[in-house]
Amino acid sequence: MRPLTKPLPRDFYARPTIEVARDLLGCHLCHRLPDGELLVARITETEAYDGPSDSACHGAKGRTARTDVLFGPPGHAYIYLIYGMYELFNVVTDRDNYPAGVLIRGIEPVLGEARMCQLRPVPRRNLCNGPGKLTRAMNIDRRYHGLDLTTGDTLWLSEGASDENYRIESGPRIGIDYADEIHRLAPWRFWLAPPPN
DNA sequence: CCGGCGATGGTCT
DNA sequence: GACCATCGCCGGC
């Protein structure tokens with residue numbers, strides 16, 4: 001069965017960020033490598049960062065050169081370097097001039113797994129189960145910062161195969177100890193969990 | 001399996 | 001000069 005690779009339209013991203021974060025679970029992240037190989041992965045974990053009043057959101061501290069894209073129109077890539085080593089991939093959501101986005105925290109290979117293992121040679125269960133790991137496995141970095149994700153050209157997202165067996169769970173976001181308690185505890189992290197079965 | 005800790009560089013004060 | 005939306009290593013159980 002071929003993975004679905006038609007890019008999600010702008011309207012998908014131009015909605016409240018928490019809705020987008022939930023709906024991105026099960027969607028596909030697609031990257032056409034420079035040599036033509038296509039990498040596709042299923043999104044399994046996300047986090048919502050919603051607006052200037054969310055003290056965990058980069059946009060809460062004001063618009064700077066670094067966060068400019070986050071304030072821009074939805075459907076673009078917001079990618080930044082953290083801890084001097086790791087590139088984190090986000091999609092910009094909601095409306096223009098409102099800083100909000102969804103961090104992609106976990107994926108599973110769908111197509112091009114051998115290439116991903118080459119890009120990140122570690123045991124398979126550690127391949128892409130973290131925001132800094134998956135960018136390495138998918139060869140995504142800041143050269144795509146600000147890129148329009150709706151064109152389906154080199155980097156985009158698409159509807160995944162429907163999978164009603166998996167449940168959506170939620171909990172607090174990770175690594176935001178600096179935020180106010182109300183935002184530290186907000187259940188704005190979402191992940192796909194196997195059926196209780 | 002789990003917790004502590006250091007690496008490392010761009011951004012902002 | 002501090003901070004940081006992480007990760008892998010190391011040691012202890």
Side-chain angles (χ1 to χ4, degrees), chain A residues 13 16-25 27 29 31 41 43-72 74-94 98-109 116-147 149 155 157 168-194:
Chain A
Y13 300 99
T17 304
I18 288 169
E19 285 181 29
V20 178
R22 291 179 57 98
D23 290 352
L24 277 175
L25 295 174
C27 286
L29 172 59
H31 184 196
I43 296 173
T44 57
E45 185 179 351
T46 61
E47 276 177 0
Y49 289 88
D50 188 17
S53 63
D54 175 6
S55 60
C57 180
H58 288 172
K61 300 193 184 95
R63 191 169 188 160
T64 66
R66 180 207 190 201
T67 61
D68 192 61
V69 170
L70 196 57
F71 283 78
H76 291 252
Y78 171 60
I79 304 174
Y80 65 93
L81 184 73
I82 191 67
Y83 301 117
M85 289 176 244
Y86 303 106
E87 315 267 345
L88 299 204
F89 173 70
N90 304 250
V91 302
V92 177
T93 55
D94 210 295
Y98 179 89
V102 174
L103 170 67
I104 307 302
R105 286 195 62 91
I107 60 174
E108 290 171 351
M116 296 183 204
C117 291
Q118 215 175 316
L119 286 160
R120 190 178 140 74
V122 298
R124 246 184 46 136
R125 36 176 284 283
N126 279 331
L127 181 62
C128 46
N129 60 336
K133 302 178 189 180
L134 68 90
T135 52
R136 191 82 69 150
M138 291 285 289
N139 200 25
I140 292 168
D141 60 35
R142 282 166 292 166
R143 71 188 185 278
Y144 296 134
H145 180 58
L147 188 78
L149 298 169
L155 184 65
L157 290 83
I168 294 177
E169 297 185 353
S170 64
R173 294 170 291 180
I174 303 292
I176 54 163
D177 292 346
Y178 59 87
D180 297 340
E181 182 175 330
I182 185 79
H183 299 127
R184 273 204 313 274
L185 300 180
W188 291 349
R189 180 164 65 101
F190 302 94
W191 63 92
L192 287 178

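Heavy-atom basis, side chains included; hydrogens, waters and symmetry copies ignored. Small disclaimer: the values here were computed from a predicted structure and weren't measured. A, B, ... follow the sequence lines: proteins, then strands. Residue 1 opens every chain.
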Checklist line | For C/dT6, the Watson-Crick or wobble partner whose two distances fall under 3.5 Å | finding: B/dA7

Next item on the list: Find which nucleotide of DNA chain C each of A/Val122 and A/Leu81 is nearest to by heavy atoms, and output the residue with the more 5' nucleotide.
Entry: A/Leu81

Look at [X] and [N] and indicate whether a side-chain polar atom (N or O) is within less than 4.0 Å of OP1 or OP2.
{"X": "A/Arg105", "N": "C/dT6", "answer": "yes"}
{"X": "A/Lys133", "N": "C/dG8", "answer": "yes"}
{"X": "A/Tyr178", "N": "C/dA5", "answer": "yes"}
{"X": "A/Arg120", "N": "C/dG8", "answer": "yes"}

Note to self: If I compare all heavy atoms of A/Ala48 with all of A/Thr17, which pair ends up nearest, and what's the gap?
What the structure shows: CB-CG2, 3.8 Å

Check: Shortest non-hydrogen contact from A/Pro109 to A/Leu127?
Finding: CG-CD2, 3.9 Å

Please work out if [X] contacts a base, only the sugar-phosphate, or nothing of the nucleic acid, heavy-atom cut-off 4.0 Å.
{"X": "A/Gly132", "answer": "sugar-phosphate"}
{"X": "A/Arg184", "answer": "nothing"}
{"X": "A/Arg173", "answer": "nothing"}
{"X": "A/Asn90", "answer": "base"}
{"X": "A/Ala179", "answer": "nothing"}

Item checked: Nucleotide nearest A/Thr64 when distance is taken to its side chain, options B/dG10, B/dC12, C/dA5 -> B/dC12

Next item on the list: Go through C/dC7, B/dT8, C/dA5 for me and flag the one nearest to the A/Leu70 side chain.
Entry: C/dA5

Note to self: I'd like to know if the side chain of A/Thr135 reaches the main chain of A/Phe89, judged simply by a donor and an acceptor atom lying under 3.5 Å from each other, with no hydrogens or angles considered.
What the structure shows: no

Expressed as a whole number of angstroms, how long is the span from [X]:[atom1] to [N]:[atom2]?
{"X": "A/Met85", "N": "B/dC5", "atom1": "CE", "atom2": "C1'", "answer": "12 Å"}
{"X": "A/His58", "N": "C/dT6", "atom1": "NE2", "atom2": "C1'", "answer": "12 Å"}
{"X": "A/Arg125", "N": "C/dG8", "atom1": "CZ", "atom2": "C1'", "answer": "12 Å"}
{"X": "A/Ile82", "N": "C/dA5", "atom1": "CD1", "atom2": "C1'", "answer": "6 Å"}
{"X": "A/Glu87", "N": "C/dA5", "atom1": "CD", "atom2": "P", "answer": "15 Å"}
{"X": "A/Tyr86", "N": "B/dG6", "atom1": "OH", "atom2": "C1'", "answer": "10 Å"}
{"X": "A/Ile174", "N": "B/dG3", "atom1": "CD1", "atom2": "P", "answer": "13 Å"}
{"X": "A/Tyr83", "N": "C/dC3", "atom1": "OH", "atom2": "C1'", "answer": "9 Å"}

Note to self: When you compare the ring of A/Tyr49 with the six-membered ring of C/dA5's base, are the centres less than 5.5 Å apart and the planes under 30° from each other?
What the structure shows: yes

Notebook entry, point to check: Is any side-chain N of the basic residue among A/Arg63 and A/Asp68 closer than 4.0 Å to the acidic one's carboxylate O?
Noted result: yes

Checklist line | Any donor-acceptor N or O pair under 3.5 Å, side chains A/His183, A/Ser55 | finding: yes

Check: Would you say the side-chain atoms of A/Asp50 and A/Tyr98 include a donor-acceptor pair closer than 3.5 Å?
Finding: yes

